[in-house]
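Everything on this sheet refers to the single structure shown next.
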Amino acid sequence: QKEVEQNSGPLSVPEGAIASLNCTYSDRGSQSFFWYRQYSGKSPELIMSIYSNGDKEDGRFTAQLNKASQYVSLLIRDSQPSDSATYLCAVRVNTGGFKTIFGAGTRLFVKA
Amino acid sequence: EAGVTQFPSHSVIEKGQTVTLRCDPISGHDNLYWYRRVMGKEIKFLLHFVKESKQDESGMPNNRFLAERTGGTYSTLKVQPAELEDSGVYFCASSRSGLLGEQYFGPGTRLTVT
């Protein structure tokens with residue numbers, strides 16, 4: 001079992017729709033959770049961070065965390081073609097240092 | 001505020017040669033991380049510095065890899081001798097704080113070992 005699992009996609013949604021991206025993680029000691037967006041050939045760009053159970057909203061983005069179910073999700077409202085990218089889920093564990101473990105990413109296509 | 005910078009952007013070397021990658025974190029960020037992404041795989045953690053101290057180097061593949069952060073500012077990652085499987089994109093990231101700190105990535109160095 002991978003430490004951080006994501007559906008590789010591609011996930012295709014029409015412009016203006018809600019895109020829902022999901023992630024599960026295996027280490028119950030994970031303490032902080034992040035969503036990154038990565039365009040082809042570029043470096044990951046931080047979108048959202050979430051640390052406690054519940055929802056966190058920032059503009060068109062909402063991150064949801066359920067530690068009991070070891071589940072993190074990202075909702076993108078009013079999806080735009082410019083949102084087309086790979087979305088990476090990342091979890092951080094305290095190892096004495098801070099190790100961040102990435103999922104393989106979900107490719108999102110927003111059709112105009 | 002300048003972002004994380006990495007040098008070089010690309011490097012092509014032959015198997016057995018040595019390569020040194022450099023990362024300059026965002027000013028004031030004590031935490032510095034190295035990651036690697038090989039073709040088709042997820043981004044893998046290599047190690048974490050706080051200032052000049054290695055906090056977690058559990059992701060370093062083997063002893064051909066050496067990371068340093070003298071003076072707690074920029075960091076270097078040396079691969080010696082390079083092998084074919086070392087090819088990939090090496091990312092550096094930095095953050096102000098550790099566990100909850102938001103990491104900002106540099107543009108990466110694409111390393112090709114032939």
Side-chain angles (χ1 to χ4, degrees), chain A residues 1-9 21 23-27 29-53 56 58 61 63 65 67 72 85-107, chain B residues 3-7 9-10 21 23-26 29-60 67 69 75 88-110:
Chain A
Q1 181 192 9
K2 288 188 177 180
E3 294 177 275
V4 177
E5 295 215 47
Q6 297 181 252
N7 187 324
S8 61
L21 304 163
C23 169
T24 58
Y25 60 94
S26 60
D27 189 339
S30 300
Q31 296 177 282
S32 43
F33 307 85
F34 305 87
W35 283 98
Y36 287 84
R37 177 174 61 197
Q38 187 173 28
Y39 294 109
S40 181
K42 301 295 185 181
S43 58
E45 173 193 6
L46 182 67
I47 298 175
M48 293 283 287
S49 56
I50 187 166
Y51 311 115
S52 53
N53 282 327
K56 179 181 177 182
D58 184 0
F61 300 98
L65 174 61
K67 288 186 179 181
V72 193
T86 297
Y87 288 80
L88 306 172
C89 173
V91 306
R92 188 168 303 156
V93 295
N94 188 341
T95 60
F98 302 120
K99 179 177 180 179
T100 302
I101 304 163
F102 282 81
T106 298
R107 293 184 67 191
Chain B
V4 178
T5 59
Q6 292 187 245
F7 183 83
S9 56
H10 293 85
L21 314 181
C23 168
D24 286 78
I26 293 171
H29 282 195
D30 287 340
N31 293 270
L32 186 150
Y33 307 81
W34 283 98
Y35 297 89
R36 176 173 74 173
R37 187 170 205 167
V38 297
M39 183 87 70
K41 301 286 189 181
E42 62 268 26
I43 295 172
K44 287 285 194 184
F45 168 87
L46 297 180
L47 86 160
H48 169 215
F49 282 102
V50 174
K51 297 184 180 178
E52 68 277 5
S53 221
K54 293 176 188 175
Q55 299 296 299
D56 183 337
E57 52 184 326
S58 62
M60 294 287 264
R69 193 182 181 196
S75 175
V89 181
Y90 289 77
F91 291 107
C92 174
S94 71
S95 67
R96 190 174 298 280
S97 62
L99 184 62
L100 305 184
E102 297 179 338
Q103 293 181 17
Y104 297 91
F105 277 71
T109 293
R110 181 173 295 278

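Everything numeric in this text was worked out from a predicted model, so none of it was measured. Reminder, nothing fancy here: chain letters follow the sequence lines and each chain counts from 1.
Annotation: the span from B/D56 atom CG to A/F98 atom CZ amounts to 10.0 Å, rounded to 0.5 Å.
Below 4.5 Å, heavy atoms of chain A meet heavy atoms from B/R37, B/E42, B/I43, B/F45, B/H48, all part of residues 36-48 of chain B.
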Do any side-chain atoms of residues 39-48 of chain A form donor-acceptor pairs under 3.5 angstrom with protein atoms, and if so which ones, sequence neighbours left out?
unit_1 : atom_1 : unit_2 : atom_2 : d
A/Y39  : OH     : A/R37  : NE     : 3.4
A/Y39  : OH     : A/S82  : O      : 2.7
A/S43  : OG     : B/G106 : O      : 3.2
A/E45  : OE1    : A/R37  : NE     : 3.4
A/E45  : OE1    : A/R37  : NH2    : 3.1
A/E45  : OE2    : A/R37  : NH2    : 3.3

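Taking B/Y104, B/F91, B/F49 one by one and counting their heavy-atom pairs under 4.5 Å with chain A, the maximum is reached by B/F91. Of the listed residues B/S53, B/P107, B/G108, the one with more heavy-atom pairs under 4.5 angstrom with chain A than any other is B/P107.
For A/F102, the ring pair (Phe, Tyr, Trp, His ring centres under 6.0 Å) partners are A/Y36, B/Y35, B/F105, not counting sequence neighbours. Under the rule for a salt bridge (charged side-chain N to carboxylate O under 4.0 Å, His left out), B/E102 has no partner lying at least two apart in sequence or in another chain.
In this structure, A/F61 places its CZ atom where more than 12 heavy-atom neighbours from other residues, nucleotides or ligands lie under 6.0 Å away.
Residue B/E57 does not touch chain A at all, counting heavy-atom pairs closer than 4.5 Å.
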